[in-house]
Every structure is written in structure tokens, then in C-alpha cells.
Colleague: 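First the structure, which I've put down as C-alpha cells, then a few questions once you've had a look.
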Number of protein chains: 2
Amino acid sequence: MTLKDIAKEAGVSTATVSNVINGNHHKVSKETIDKIQKIISENDYTPSATARSLIKKESKIIGVVVPNLSEHDPFSSSPYNTQILSWLENYIRNQGYYMMIRTVGRCQDILQAFLTWNIDGLILLGAFKEEAEEIRERVKIPTVYLDTYAEGIANVGIDDYMGGYLAAKYLLNKGHRDIAFAGPVTTEGVIATRFKGFCDALNEKGLEFNNNRYVEAMTFFEDGVKAGKKLAFLKDKCTACVCMSDILAFGIMEGLRLSGLRVPEDISVVGFDNLPECKYSNPQLTTVSQNIKKKACLAGDLLFEMINSKKPVICNHQVTVEIEERFSVKQL
Amino acid sequence: MTLKDIAKEAGVSTATVSNVINGNHHKVSKETIDKIQKIISENDYTPSATARSLIKKESKIIGVVVPNLSEHDPFSSSPYNTQILSWLENYIRNQGYYMMIRTVGRCQDILQAFLTWNIDGLILLGAFKEEAEEIRERVKIPTVYLDTYAEGIANVGIDDYMGGYLAAKYLLNKGHRDIAFAGPVTTEGVIATRFKGFCDALNEKGLEFNNNRYVEAMTFFEDGVKAGKKLAFLKDKCTACVCMSDILAFGIMEGLRLSGLRVPEDISVVGFDNLPECKYSNPQLTTVSQNIKKKACLAGDLLFEMINSKKPVICNHQVTVEIEERFSVKQL
DNA sequence: CCCATTTGGTTAACACGTTAACCAAATGAA
DNA sequence: TTCATTTGGTTAACGTGTTAACCAAATGGG
């Protein structure tokens, strides 16, 4: 069933039917509108998005790129990504758009895939600086980044510096002085910024961070278990540890447990993200909370502002973070 | 940059360019092929999926429908859905297709949304019987269901009966006799089938399930907490509980803890799904494990078989389940 | 009554690939 | 040499909506 069929059945031209469908009612008489609408609903007709997209050069599709962190368990390896995705889908659907998802391969592939579809907007989750720069140069459609540190893009992130700062400050206030830091080692970007905040909080107290307390670990559970064991047997004993993700914290707690240490009695743990999972763990995890819904909504706002105004936006929203206090930290 | 532009630059017709792009090389001389490919790569040209889709009447898009369980936290409210989604994306991408995601509104909306896009296939996660039946009647494109009990569809599920049976059997073998069952109350479908298996295992041992041990709860954490408290103060004391999802089990463990009971010392808990989160909890959760990757792959196989053979398939795959033993059950 | 405007349309070009039908030149077989 | 086939293309219709340009009839103002 096509526009043409409807037009024939109603005895009018396709232009008229098109006008009715698109609400250009000023061009059509009341009776004609009613007649056409009746035929449309009787036949359960829906216009072809493909044809419409072809001529209007807009697709109502938003492409979303999820970093494929793990070979073995693509995007769900990070529940954080899922949370974001979920809210984005919600936002995009409410705008009357469709969401197309890709986990990354090479940058080139993504562009190819999405640009063939004439997508109206692009959202990149956790892209690296270099990817962002490549995309910035080559893509002309509205693009919003989440958690990417790069110049000249529209980014929505969190106040990473404050996240690191607050985590350390919280532990200091609880009487801790010997604090470890667990996470990937980087020189710039999200983690490095958090680390800077963390160190500055220590410095304010006249403490110096000792680099052998930097427990290197990817943000996966298994890495955390290893890191937890390492932490348990650290020569330079610590009474607390700040972890760069909740999942990592869960792993570290497990590793500590396996090494015979209790959380928080023997050692305190602070996570990062505040995933729903924090409530499932035992002890429930005290963590640096980022408002994921807010991030998704901000990203949506930004993207559709760019789409609707047809003007690029360059900005860097930093959503505030706060400590979500649960039961994994002991008052010394 | 369009096909026409490429053709003009190469001094050939669009048909020839099209043939080169689509690998119909038998119609084109080697030199022409090289010349055209050079121009294509120099100009970074990608054919418009929209135009191609319009004339070929196939889109290379697979629509995936995720049940919107919670108003507040759409599909991530169930990490299970995410897991499935993640593997499906993987499968779909490897087939050279694109994945479009929608969380459900009304059945009508979904169909509308997807059919306008001329999608080549549809995957429904956890649809109800009635929805499945409506879609079965109204949609002619290849459709695969996950975890849906309905006639005349291509379904991929698990052996729910055996899941319930094994959970009970496992606890019985550990010496438990007073076992509760926690989950939504239903008369047919996934949960009802598991419950039947559960009861049959008890009956085999000469035990009768007492209905006041059916702790009604949705499969959310907060519901679980309430259910755990109820369970703790059940007059008809139980030593173990089988829960209809891992998330529910986490909630129940928390509810029990808040009521002063220890898991597994005072009461044992068995979950269902075997999400990665089971390793994060303390005690780590013993659960009925379903192979999510396998389900996703089977669903993919089925869908693409239907797409490629252009023949509908009616079947009901039941992936086997097994107990994943961890530390939430005590030997009596 | 006459010209201007509004009402309610129609026509046809267009967006961009795909593919069936067609064709000329070159090659080959008898 | 002549007819048949292969090689390497071209042409044009097609799929499905959208929209600018156009038009006839009706209405209105002076």
C-alpha cells in the first residue's frame, strides 16, 4: 500500500494525500481530509520512512556508538553504558526519532555505517580523544560526546576532578590517612583528572600520595579481584581504597575477602558511578555518584538543539557529582 | 556525492558504477573497475542506504523490541535484557545488518515504527502471549521471540520447567525441606512453568508445596527487599528460597539481612539467570544459569535462516539450564 | 461588473540507486 | 565470408514520497 494507492482510492492526487498526512491542512478541504484519513486508517497505511528520508534528506535516525570494551561481553560489560543507552533510547523515542546502535569497530566503519543511513545525529559514548578528533574533522552532522576530553566538541561529562577530590576528602574526614587508588593508568582524560583531584585533596591535608599505592587495574571485576589481592598484601599498608568504577570496587572487595580482609572493618572501599548494583553488594558500596539520567538528558538536549537550530555547538557540560554514602567505609 | 557524480567523473553510466559497487564484475572491464574504484575511494563515497533500501525493498535493519519494565529505568532495569541486547548487536553487526532498538509502547506503535522502515527482521524480548499473537497475525516479516510462550511462532527460550525442578532438587539434596518460592504470580508462561517444575521436584520427595510459602514479588530489587522481610517473618519458617531472578534474589538477601538473618547461615537463597552481578554479591549467588549468549546466537541463527530462506519457521528452542553453584546455599 | 484573491486542488520534477532490456563492436566458428 | 556469441557497456523505468509551480473555480471588494 503506497501513497499512490491511497490517492487513487480517494480520487485525488498524491500531493493532496501527502499534504493531509503532513498536516498541511490549509491546502485541503475538510471533506477531502476526512475521506483520505478514513482510507488511510482503514488500510492501515504508513508512509515509507525510506522514501521520505530519501527526498527530505533527514532520516529521524540517531546513531549511537557504544565502546566495545570486552571481546567477550560487548556493551553490557559495563552496566554504566547500558544505563546511558537506556535513557538515551527514552529521550530519542520521545522526540519521535529512532535509535540505531553500533558497538565500535574502527572509526571508519562507524562513519560508513551511519552516514549511509543519513542519520540526523550521532552520540558517542566514551570515545577517546583521537577518535573524537577524527570524527570532528570528518563528520558534519550534529554529534554529541559523553565523557570525552577533547577540544572543539559538544561534550557531556562529569566533574571528574571533583569526583576524585570528594572521594579522598570523604575518606580523610572519616579519619583515613593511608589511601590507595585503583584504576587504569593514564596521563590524560577521565581517570587522570580524577586522580589529580584525589591527590589535591590529600595535599590539602599535608599528605603526599605515594605512587606504590596506585593499584593498576582495568575496570572489570576479574581485574578487581587481582587488584584486591595485591592491595591486601601491599607492604605500604592502606586503610582505604578509591576505585575508578563500581565494578572494579566489587572485584576489589572480593579480592580483599579472599585474602582474609573484611570490608569495611579491615579496609574501606569507595567506588565510582553509583550503579544500581551498589545496592546489591554486601556491604552496599559507598561511591561517587554521577547522575546518569541527567547526563543522558543533557546529551539529548544538546543533540536536538544542534539538529533543530542547524548550528554546531561546542561546549563541555560537567555534571556535578556527590558521595553516595552506604556501608563500605569505616569511621576510624 | 552520488552515484551520478561518480559516473560522470569516470565517464561511464551509473549502471556501470552500480555494477562495480555490487561486485557484478563480469559486466565490466578490469580497467574500468580500477578507475571507478579509485574515484570512489578518493571521494570517500558511500552509496545511500536509503535509496538502495527503497528500490530493493530490504533495509538491512533488524528491529529489536525491549520490554519497558520500569518507568524509571527503562531496559537497564533488567540487566538480563542488556546482556541479550549486547549479544544480538554483535550477531546482527557480523551479518552486515543494522540494529534499531525500541522499548515497547503499544504493540501498534512498534509495528508502525518498524514497518515504516521496511525492516528485514524483528526480535521481541520477553513479549507476552497476547502481544505475540497480535504480531503473529499482523506482521509478515521474519520474527523471532525470546522467552515467549505462544503457539505458531519462532521462539527461543530456556527449559523453564527444568530450571524450577533443578533449583528445588539442588536444595533438597542439600538437606532442605522447607523451601519458599519467590516471584510474580502467574497462571501461564515462564514463571508458571518454573513453578510447576519446582513443585514436581518437591512431590517426588513426597513433599507438598504449601501455598503460603509463595512469596509474591516482582523481579526488582526493592520488591525483593520487601519479600525478604516477609520471608524472614513467615510463620511457616523456611530454610531456603528459590527466587525468580537474580535481582530479586539480591533484594531478598538484603531484606533478610535487614531482618537480622544471615545468608546462607540462617537461610539459603537460589537465584535465576546467572547474571555477572552474581559474582559481585556477598555471598556470591548460587543460581539457575541460563546461557544468554547461546540464546542470542540461536535467535540470530533462526532469524537469518528465515530471512535468507524467505520461509517462516515455527519452533521452540529450549536452551538447557544448570545450577551454578556459589555460596548462598548452606548444606544442612 | 471586473479584477484580485482565496480555495482546493493538480502536475511534474526530484532524491539516488538498481536492474531488465538493449546495443555496438569485437571475437569466433563454420 | 557470414552468422553467432561474447564483451563491455548504455538507457530508461522503477520505488515512494515531497514540494515548487501552476491552475480553475469560487468568492469578494469597490
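All of these numbers come straight from a predicted model, not from anything done at the bench. Each chain gets a letter, A, B and so on, in the order its sequence line appears, and its residues count up from 1.
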Colleague: A:Tyr45 side chain N/O closer than 4.0 Å to the phosphate oxygens (OP1, OP2) of D:dT16?
Modeller: no
Colleague: So which atom in A:Lys129 and which in A:Ala150 form the shortest heavy-atom distance, rounded to 0.1 Å?
Modeller: CG-CB, 4.0 Å
Colleague: Within the structure shown, what part of the strands sits under 4.0 Å from B:Val12 by heavy-atom distance: base, sugar-phosphate, or nothing?
Modeller: sugar-phosphate
Colleague: Take the protein atom CG of A:Asp5 and the nucleotide atom P of D:dG15, then report the distance between them rounded to whole Å.
Modeller: 11 Å
Colleague: Might you point out which heavy atoms bring A:Leu303 and A:Gly121 nearest each other, and give the distance in Å?
Modeller: CD1-CA, 4.1 Å
Colleague: A:Leu54 has a side chain; which of C:dC16, C:dT10, C:dG17 sits nearest to it?
Modeller: C:dC16
Colleague: Could you tell me the separation between the CE atom of B:Met1 and the P atom of C:dC16, rounded to a whole number of Å?
Modeller: 12 Å
Colleague: Could you pick out which residue, A:Lys27 or A:Ile21, lies toward the 5' side of DNA chain D when each is mapped onto its nearest nucleotide?
Modeller: A:Ile21
Colleague: Rounded to the nearest angstrom, tell me the gap between atom CG in B:Leu115 and atom P in D:dT16.
Modeller: 15 Å
Colleague: When rounded to the nearest 0.5 angstrom, what distance separates CD in B:Glu9 from CD in B:Glu42?
Modeller: 7.5 Å
Colleague: Expressed as a whole number of angstroms, how long is the span from B:Lys56:NZ to C:dT18:P?
Modeller: 7 Å
Colleague: Heavy-atom nearest nucleotide on DNA chain C for B:Ala51 versus B:Thr16: which residue maps closer to 5'?
Modeller: B:Ala51
Colleague: Rounded to whole Å, how long is the line connecting atom NE2 of A:His25 with atom C1' of C:dG9?
Modeller: 15 Å
Colleague: What is the distance from CD of B:Glu58 to P of C:dT18, rounded to the nearest Å?
Modeller: 10 Å
Colleague: If I compare all heavy atoms of B:Asp147 with all of B:Tyr80, which pair ends up nearest, and what's the gap?
Modeller: OD2-OH, 2.7 Å
Colleague: To the side chain of B:Ser29, which of D:dT18, D:dG8, D:dT19 is closest?
Modeller: D:dG8
Colleague: So, does B:Arg52 get its side chain near the phosphate of C:dC16, meaning an N or O under 4.0 Å from OP1 or OP2?
Modeller: no
Colleague: Could you tell me whether B:Asn24 contacts a base, only the sugar-phosphate backbone, or nothing, with contacts defined as non-hydrogen atoms closer than 4.0 Å?
Modeller: nothing
Colleague: Roughly, in whole Å, what's the span from NZ in A:Lys4 to P in C:dT11?
Modeller: 13 Å
Colleague: OP1 or OP2 of C:dG9 less than 4.0 angstrom from a side-chain nitrogen or oxygen of A:Thr32, does that happen here?
Modeller: yes
Colleague: Answer yes or no: does a side-chain N or O of B:Thr2 lie under 4.0 Å from OP1 or OP2 of C:dC16?
Modeller: no
Colleague: Distance check needed: C:dT6 C1' versus A:Lys30 NZ, whole Å only.
Modeller: 20 Å
Colleague: Touch check for A:Ser13, heavy atoms < 4.0 angstrom, all strands: base, sugar-phosphate only, or nothing?
Modeller: base
Colleague: Taking only the side-chain nitrogens and oxygens of A:Thr14, find out if one of them lies under 4.0 Å from OP1 or OP2 of D:dT16.
Modeller: no
Colleague: In terms of side-chain heavy atoms of B:Leu3, which of C:dT18, D:dT18, D:dT10 is nearest?
Modeller: C:dT18
Colleague: Given C:dC16, is OP1 or OP2 found less than 4.0 Å from the side-chain N or O atoms of A:Lys57?
Modeller: yes
Colleague: Can you confirm whether or not the ring centre of B:Tyr97 sits under 6.0 Å from the ring centre of B:Phe304?
Modeller: yes
Colleague: Do the side-chain N or O atoms of A:Asn19 get closer than 4.0 angstrom to the phosphate oxygens (OP1, OP2) of D:dT19?
Modeller: no
Colleague: Taking all atoms of both residues into account, what is the closest heavy-atom pair of B:Arg102 and A:Glu89, and its distance?
Modeller: CA-OE2, 3.3 Å
